Amino acid sequence: MTLKAQPGGRASSAPLLGNGTEPTIFEMSVAGRSSHQLRTTHVPAMTLEELVPSAHLNPDVVPLAEVSERDLVAHFTRLSHRQFAVDLGAYPLGSCTMKYNPKFCDSVAADPGLNSVHPGAPAALTQGWLRLMVDLEEKLCEVTGMAAATLQPSAGAAGELTGLLLMRAYHEARGDVRRRVIIPDSAHGTNPASVTLGGYEVTTIPSDERGLVDLDALKKVLGPDVAGIMLTNPNTVGLFEEEITEIAAAVHEVGGLLYYDGANLNAILGVVRPGDMGFDIVHMNLHKTFATPHGGGGPGAGPVAVAARLAEYLPGPKATKLADGTFDWVQPANSIGRVHGWHGNAMVLARALAYIDVHGGDGLTRVAQHAVLNANWLRHRLREVLPAAFDRPCMHECVLTASAFKQQHSVKALDLAKRLMEKGFHAPTVYFPLIVDEALMFEPTETESLQTLEAMAQALEEIAVEAAATPELVRNAPTATPVSRVDEARAARQLIPTEDAAQR
Amino acid sequence: MTLKAQPGGRASSAPLLGNGTEPTIFEMSVAGRSSHQLRTTHVPAMTLEELVPSAHLNPDVVPLAEVSERDLVAHFTRLSHRQFAVDLGAYPLGSCTMKYNPKFCDSVAADPGLNSVHPGAPAALTQGWLRLMVDLEEKLCEVTGMAAATLQPSAGAAGELTGLLLMRAYHEARGDVRRRVIIPDSAHGTNPASVTLGGYEVTTIPSDERGLVDLDALKKVLGPDVAGIMLTNPNTVGLFEEEITEIAAAVHEVGGLLYYDGANLNAILGVVRPGDMGFDIVHMNLHKTFATPHGGGGPGAGPVAVAARLAEYLPGPKATKLADGTFDWVQPANSIGRVHGWHGNAMVLARALAYIDVHGGDGLTRVAQHAVLNANWLRHRLREVLPAAFDRPCMHECVLTASAFKQQHSVKALDLAKRLMEKGFHAPTVYFPLIVDEALMFEPTETESLQTLEAMAQALEEIAVEAAATPELVRNAPTATPVSRVDEARAARQLIPTEDAAQR
Amino acid sequence: MADYLPHTSEEVVDMLDFLGLSTLDDLFAHVPAALRLSQGLDMTPGLSEPDVANIFAEYTSANEATLAKLVCFAGAGAYDHEVPAVVKMLGSRSEFVTAYTPYQPEVAQGILQAIFEYQTMISRLSGLPIANASLYDGATALVEAVNMAAGSTGRSKLVISAGVHPHWRETVRTFAQGTGHELVIAPLVNGITNWSAVDTSGAAAIVATYPNYLGFLEDLSAPKSLATENEALFIVCGDPVAAGILKTAGQWGADIYVGEGQPFGTALSFGGPYLGLFACTEAQIRRLPGRLVGETVDTEGRRAFVTTLRAREQDIRREKATSNVCTNQTLMAVTAAIQLSYLGTHGLRDVATRCAQGARYAYEQIVALDGVSAVSDQPFFREFAVSTAQPADVVLERLVVDGFLGGLSANSLAGATDSSLADPTHTLLITVTEKRTKIEIDTYVAALAKAVK
Amino acid sequence: MADYLPHTSEEVVDMLDFLGLSTLDDLFAHVPAALRLSQGLDMTPGLSEPDVANIFAEYTSANEATLAKLVCFAGAGAYDHEVPAVVKMLGSRSEFVTAYTPYQPEVAQGILQAIFEYQTMISRLSGLPIANASLYDGATALVEAVNMAAGSTGRSKLVISAGVHPHWRETVRTFAQGTGHELVIAPLVNGITNWSAVDTSGAAAIVATYPNYLGFLEDLSAPKSLATENEALFIVCGDPVAAGILKTAGQWGADIYVGEGQPFGTALSFGGPYLGLFACTEAQIRRLPGRLVGETVDTEGRRAFVTTLRAREQDIRREKATSNVCTNQTLMAVTAAIQLSYLGTHGLRDVATRCAQGARYAYEQIVALDGVSAVSDQPFFREFAVSTAQPADVVLERLVVDGFLGGLSANSLAGATDSSLADPTHTLLITVTEKRTKIEIDTYVAALAKAVK
Ligand SMILES: Cc1ncc(COP(=O)(O)O)c(C=O)c1O
Ligand SMILES: Cc1ncc(COP(=O)(O)O)c(C=O)c1O
């Protein structure tokens, strides 16, 4: 009798009972065991050989895990106990807007009246979905101050690339060949990557000592070959580009378009709109601003809204309200085409609409106000411990610098972040944006309480003391977590991307 | 600014990040904060004073916790991380049948087609529910070999008391005044408690050296004043009462009835039936045998099935199929009356029926076979470490004794159990039944794999070594759990049953 | 054929081998052959989950009285209150759902702390210092309460208002067959209890209710005085939602409070599982039925929770126990703690206020209808009884056509001859929760106007 | 007015005070006044959750094509497979749902290990050693695949079978506007690709599909040879369920596999979020789009998982990145790992076999109908195209009356003039999953017999 398979009923891997490792599902597998049940169909049972010519049949069977339902549940429940999440505590990850995701919005998405609808079903049979999409588009346009939107892009980066293709289509329709897109050096890495994939060259402009776009530097690189500029506002250091009107005028003057990276939209909801600032194209991260859960890295949704003169190029088909009050799929006149296999991440869209409807215009404004309040409070509260990279009022997030710790105690931003996790908070974003030395980027979001912010500030004060007194403690953190600091270099050096590679 | 309230967004209490304590929801409360949302009704808003005479109005407001929805979620999610459960690992708690609870059965109970039905709605509008109850009753009768059943009792103990009232009704209808109910000394504590509440006196009979009912001892206490006997079979030491036919004959001979405590029914599903053994009244713990989840201590359901001659006394009204094929509530002719505010723990009943339907007769038999296989395998596997209290084949659970450990190393059964928890398994039941010295009662159930049993056996072997080598380690266990060993004496001595008592 | 067993056939063979057996049947060799089923159970064979889902779809489609199909004006102890998604989600976390009774506190702090919080809330809502960890439901909680009173006073006479929910009274009567308690029912006059109609001397308990099952609010000073005079315990059966605005049981002088906790986050569920609320004075603590969680510390001095006063529990006290409750309704108690924390101080008050507003708004229109008359001039909270010219069951049948579960007939609860009502068959109980909108009420009243004719 | 903000008004005042501000508006003082909204957003004010639920009830009731209302014979990349309750429950654990990308591995082992397991499964199903942590969906996964091929070969010509799902082809065409790739579509003849009709020389990639969007299985040896000859990469778009019985992409010699993972535990969801599957040979690893999780150890030598080869990620490589994917579809990947573990080796095989059985059973009856004719004599897996005498959209409309979402018309996917089909408007795609019973198929065939007349 061989007992090599790992027990599924042992919880030693659950942090509840110490921090052993959890076996992989394959290690728990025993040949012949199973969970699955299939309904009774009475369909005649032809053999595989009768069904498919043998040239197509796999002579082998693809091995998967063979576990009981009990072990399946135990394994994934225990894995969930090895995972931090918003639902467990504060998650001040800058640029990510890890706010509380209302459970109500999940319940909307769990309704089979929405989620059991086939995307290819004729429009006549999916009027509810089309109406929902039209309603959402309208509300996103109001929030951004734009004229029309596509709901197809699956995430922020997909929205960026869609936006760049719109830019290209717009210029090309004018017979206008342009080559470059301008990006500030503080931009998120997806921006330049999207520019490249959009077929443009990146021109990087430096930020000035205020952490803002250097208007003069910008003007210097502007010219008739500039297709546009990509900005976030507030930008990635959490500051509002106060000269945005001037920036917009300068870019428009050379015939360029302004692209708004909406990752930071949470800061300005109901306060100021990208369209009013002069932006022509805007993507939104519904998984950030509109609180659709991040799912451990997705799904998201990255709708793109545009000014009226760009509407004809939007991806299609688009859900559209017809004159007779019914809804149908309509292709914009000069659409760039599809950017999604179907109509976008529909269930994410539904969640976001529910979130918007609950808040209404007034509630969205309060969201921005409180997000900005929390970030400024935290920035100010921490000023003695971790100074802000740029000493001015921030928007929804603040970028602090640990360079003093590095110089004085050889304790890096990463060390502080890791230690913070042991004190009950997720780490902030570290080393982003690249222009700030030893950056720690905190985005508390509006859903954290003052008490939580205070506790986090106190934890950071404690860590500051530790960094001076017992720097090793901080450098070796975390140790109380399910695993201690992970050897990232080894993972890359000695790549084991699958169980099968591990076995070799 | 007062910041006394505890942060809701700090996860230090989650074992994921060490084992600090979790604040109470009241400690997280801040006056004026709230989660709740009420729908728009447009009902005229009269004042309280207009609505209710002031003599009825509470001059004060009852204080509850005031937290944001975000903190509400964080608090209870973190509490869930401080809780062991079947879904996290093996839970071999003897007498409790902590098997895997299929999620499918939960999904059945989540259907508003069942759970949004008002219990007082006329039978004509609840035909589905009535049919479900009739179908369940029929299946429970087949499993137990009885003629009719009530689904009202909310748990096993409620079933016991219901059964005793049926016994009483039966005898009284015969003008037969009886005084005593016989119970073996190995019985679960609810049995004698129920007897008392049923208005009978308890006569305890000793178990013999086999761990079984001593037939001679039983015969000695039998007489015309004996209303009946309460037995479990297999009994609470996990052994089958092999002389059950003789026992039944003897009890019936004096006009007594046999009550079957169904806590251990899992062992005999489809193998042997209480009715066939001679029992007259049987309760079932649906939350044990039929895998409805225990909910941290309930809800359960304790239907009681009876032989034909007792059917007229069953609690009512009962869902009944009428001659025309429709269903209605019918009161049994000489019903003892209601034992539940409505019709029983209906959602638990629905789950149990789903469980039964998935298994069918064949599957239920396999359940019993595998439960007994697992228990015997574990008993035999552990024979060198922890001998069985009674050295004979067991049924679905085995009672082992740690008396050698106590004598040799001053390590008690409780210590072994606590240490086992640190090795990834829930503790077995300890100190029950009372007739076994330093009892450790393991009920692995049929849903644990051989690998899990082996891992548990190895863990116990390790603990045995530790008990000899480092007994302190075992006596001080557990330490890796969210809290270490809890001071139970202090809790009783210095009672703090509420936050308000704690404040005083 | 479907099951959830892990064992492969090879493993079964190996395991039997280890035991020196050759078949699974051998495991049962010591079970007398004559008793063993030779053909197995006479039951349909196992089906897959989707097949069983199809069977259940037949049950659900045969239920006309779902909230999706009928707007609910029925109550009488089972209420259609709002249960937000967040409460359902938290209450169904599988750590709570699939745990056992917290016998091992070191790995059960989640459930234990949640119960501690629940106890605190129920203590506050009842106005009494001790609340237990839950009982089965309101009806059986009352049984425990009268047993406590009988034990405490050494008496067996129970004076119970006829305003106590008929099912609760019936349940008390059932269990009195074992305990031998004598029940004296104080009748209703003008919809409220006429205590002077009964002899209260020698009573173990005076059992009042607030509001009563017809919905009316009684002044509890009278029964309290009677209890004091007779040295009986004063038991108040109270609607816990009412505690959002009305006096608590403690404020009325109760020794014991019992209630039905279903309104706190539990669906209508066709009547169960619900939640038996139970609270009492410190004087009664040694007789407390069910479990009690207390605060303490662990070996490192950290706060910890544990079930306590176990000495009083049936598994230790056996035949000397005063209650046999073991498994209770913990998950519902945890859910109630979540729901009450969701509502908070002001939320509960808002819910209670809205119930009272809706009920009054409906009442005033309804008693003005032809064919309807008032049963009482007493105040009420979220439900009320009215007299109908047509039999109430007929009225209800007609309302279904218009999309309403229009209430409950008193006779469906209390029987056609309940002493407390002139004519139960022509008495309709109508409930309005915070969920009912003005439009729903107005449409209902219009439908009722037709139905009572 | 509803929101999820914790701050009480006193706290807001205190916090502003701490900042030396007096109103919330002051926080935005540095935002040019001219830009600021003076009237707020022109949007309905906030509503309570129940009010919003009522709005959503209007959306859902306006959807006729739900599974509860119509039996589904539609597919084309979105399949009605069984999703058991256990998979839904595990996949909705809030630790998975509300986590971010696992940037801090010490507190993200749950997601990381689940992805590692997912990668292993996709690697096995694709027959290729490297699988990433997911992409958005099948269509955009194909975009990443052609970009990889172009980057790897330094070429820009893409030879794509017309059997590739029309939406996928269209998506590739959209993104080619940025990358400048040239698309050459190899047409279908007799329902399968006629590779010799196009010039494959200088191709970066040969893109085949298995089965193709009409449901037919093509022999992939031919495109593989063309790829080898031309030193192009061989990309196979494959139905991952088919891998339960059919040859894997790796077995056909693919360099890159892409697929749509929706069938593994994700509901139809009106098309998203779905799951882009992506696997490739070791040779391509440095160009792998999206994330990759690898096994490593922690400081105590315990096994741990971490995202790796980050150097390749767009946030580091910026304009030199070969992909811009950041947020992907992790939750769907975790769900797929759960669903595939639920199915296990034999379960996936059973599902695939049943699909093929059901499709064949339906096919044989359907092609025998008057008014229906075969489109091809090639084998198929779980769906197939047929020609209908009536326009396919008319047929579908008629089938709705009988309770069926009877398939999809080819023109609804490919447009009315897709080169690959004689007449898309008269081509009906019919899908049969393991959920369809014999009775459903028989009833459907009977309804179709009427509908095609
Ligand atoms: C500033 C910024 N832009 C773009 C993105 C990309 O968005 P997504 O991850 O949704 O693709 C992010 C995401 O982290 C971001 O922070
Ligand atoms: C043997 C036995 N009898 C009766 C009971 C009481 O059942 P319940 O807890 O459902 O009231 C139990 C429960 O532990 C038991 O083990």
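Order of the sequence lines fixes the chain letters, A, B, ..., with proteins taken first and strands second; residue numbering starts at 1 for each chain. Owing to the predicted nature of the structure, the values given are computational and were not obtained by experimental measurement.
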Using heavy-atom distances under 4.5 Å, tell me whether [X] contacts chain D through its side chain, its backbone, both, or neither.
X: A/Leu93; answer: side chain
X: A/Ala501; answer: neither
X: A/Arg381; answer: both
X: A/Leu114; answer: both
X: A/Leu164; answer: neither
X: A/Val339; answer: both
X: A/Met46; answer: both
X: A/Ile268; answer: neither
X: A/Asp487; answer: both
X: A/Thr40; answer: backbone
X: A/Pro112; answer: backbone
X: A/Arg490; answer: both
X: A/Leu495; answer: side chain

- Could you pull out all residues at least two apart from D/His346 that satisfy side chain to side chain donor-acceptor pair (under 3.5 Å)? none
- Item | Residues that A/Asn115 engages under side chain to side chain donor-acceptor pair (under 3.5 Å), provided they are two or more places apart | none
- With only heavy atoms counted, which part of D/Glu82 is less than 4.5 Å from chain A, the side chain, the backbone, both or neither? side chain
- Could you tell me whether the side chains of A/Thr190 and D/Asn324 share a donor-acceptor contact shorter than 3.5 Å? no
- Any chance the side chains of A/Gln369 and D/His7 put a donor and an acceptor closer than 3.5 Å? no
- With side chains defined as the heavy atoms from C-beta onward, is the minimum distance between A/Phe26 and D/Thr120 less than 4.5 Å?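 Yes, at least one pair of side-chain atoms sits under 4.5 Å.
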- Task: Taking the side chain as every heavy atom from C-beta outward, state whether A/Tyr100 and D/Pro6 have any pair of such atoms under 4.5 Å apart.
- Result: no
- So, A/Gln83 side chain and D/Ile111 main chain: donor-acceptor pair closer than 3.5 Å or not? yes
- Message: Using a 3.5 Å distance criterion without hydrogens, assess whether the side chain of D/Glu295 forms a donor-acceptor pair with backbone atoms of A/Ala502.
- Response: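 A pair under 3.5 Å: no.
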- Are the ring centres of D/Phe270 and A/His343 closer than 6.0 Å? yes
